[in-house]
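Following: one structure in structure tokens, then a few remarks.
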Amino acid sequence: MLQYLKKHWSESSSMKHRQVKHYGYEFDYDNNGVRYDSCDPIPKEFEFILNAIYLRLKWQPNQITVNKYLPGQGIPSHIDTHGVFDEYILSLSLNSDIIMEFRKGNYHNSILLKAKSLLIMSGESRFEWSHGITPRKFDMINTADGPDIICRGTRISVTFRRVVQNYENIEVKRNLYEILGCDKTTPFETLKDNYRKLLVKLHPDKSILSSTTAACAELNKAWSVLKDPELKKTYDEQIEQCDIDTEVTIFETLNISDLENNESEETFSYRCRCGGMFLVPKSMVDQIEPLLFPCDDCSLFIKIMLPNTNVS
Ligand SMILES: O=C(O)CCC(=O)C(=O)O
Ligand SMILES: [Fe+2]
Ligand SMILES: [Zn+2]
């Protein structure tokens, strides 16, 4: 592992007080959140330790941060963000011993992290105690023979965390239909079939690599929206509204009162010259911007001036 890290260290980014490299998800120090788009997947070289962790804790990390501390460098006292990361924070110490300071209110504990040891934080130690490393070139330790001083070498730590998979953490970039390999007109059964096939291919239990987890969350999000007729409709309306940034041909500009009010349905309607239909969801009448709606058959649009529209 050390060999791998030493070989790949040149790609790492440098921070003021230490060097860091992320795998799986990138930890964003500006907003204490995570991004996964710009990040290297967890290297194969880490799999043996991920497997060992899994055997012991039945827990799979999907984000790894490697920190390199030269003697004299440290990390400010902190608690890893709740909500973004789940209940375990693990830290593997390599190459040098170091003292980590734990604090909770007025309580304080110094713990010697030996090289090649794994620190497991969970429960109170993970959520209530802060941890940090004082920037120093040596540490004081207590031994059976009394206090002693140890000089710090370069310490490399590998922190294992699991990004909580809620949708807020996942930036969905791709069109939801693209994710499920289909389009707006694909029948429900095919959507469902595609979802299942893709899910089996991607399920995180079948692979230890974290990019899989992100892809899986993306897939779940796509499916959770598209399988629900109401959400699908809203989503379709939104992409319709996005699509029309390009040139469109407006068939007519109308007021709501020009449309047919289908009492029993959620939509107003208007007949297109092609025989197709323009459908305007009733839920949209509170909008203040004029809206464009496509014909369900041809490429024409109607422009709707809503009661609240500012006419300037
Ligand atoms: O270097 C360590 O052992 C801890 C690193 C850490 O606390 C973190 O990256 O959040
Ligand atoms: Fe931490
Ligand atoms: Zn038409």
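Only this structure's heavy atoms are used, side chains among them; waters, hydrogens and symmetry mates stay out. Counting starts at 1 for both ligands and their atoms, following the listed order. Along the sequence shown, the residues carry numbers beginning at 1.
Set against the non-hydrogen atoms of Ser91, the atoms of ligand 1 under 4.0 Å away are 2 (C), 3 (O). In the vicinity of Arg155, heavy-atom distances shorter than 4.0 Å reach the ligand 1 atoms 1 (O), 2 (C), 3 (O). Ligand 1 places these atoms under 4.0 Å from at least one heavy atom of Met100: 2 (C), 3 (O), 4 (C). Close contacts of ligand 1 with Asn67, meaning ligand atoms under 4.0 Å from a residue heavy atom, involve 5 (C), 9 (O). Per-residue contacts place Tyr69 under 4.0 angstrom from the following atoms of ligand 1 (heavy atoms of the residue considered): 1 (O), 2 (C), 4 (C), 5 (C). Every atom of ligand 1 with a heavy atom of Ser157 under 4.0 Å away is listed here by number and element: 1 (O), 2 (C), 3 (O).
Of the N and O atoms on the side chains of Ser130 and Ser77, at least one donor lies less than 3.5 Å from an acceptor on the other residue. Judged purely by distance below 3.5 Å, without hydrogens or angles, the side chains of Asn255 and Ser257 never pair a donor atom with an acceptor atom. Side-chain contact annotation: Tyr177 with Lys232, donor-acceptor N/O pair under 3.5 Å present. Tyr270 and Glu252 are linked by a side-chain donor-acceptor pair at a separation below 3.5 angstrom, with hydrogens and angles left out of the test. There is no side-chain donor-acceptor pair under 3.5 Å between Thr154 and Asn95.
Using a 4.0 Å cut-off between heavy atoms, Leu113 makes no contact with ligand 1 at all. Neither the backbone nor the side chain of Met121 has any atom closer than 4.0 Å to an atom of ligand 1 (non-hydrogen atoms only). Only the side chain of Asp80 comes within 4.0 Å of ligand 1, judged by heavy-atom distances.
The Fe ion (ligand 2) is closest to atom OD1 of Asp80 (considering only N, O or S atoms).
The number of heavy-atom neighbours closer than 6.0 Å to CD of Glu260, taken from other residues, nucleotides and ligands shown, is 12 or below.
Interatomic distance, CG of Asp86 versus CG of Asn62, reported as 8.0 Å (0.5 Å rounding).
If you look at Tyr107 and Phe102, their ring centroids are not closer than 6.0 Å.
Around the Fe ion (ligand 2), the two atoms NE2 of His78 and NE2 of His131 are separated by an angle of 90°, to 10 degrees.
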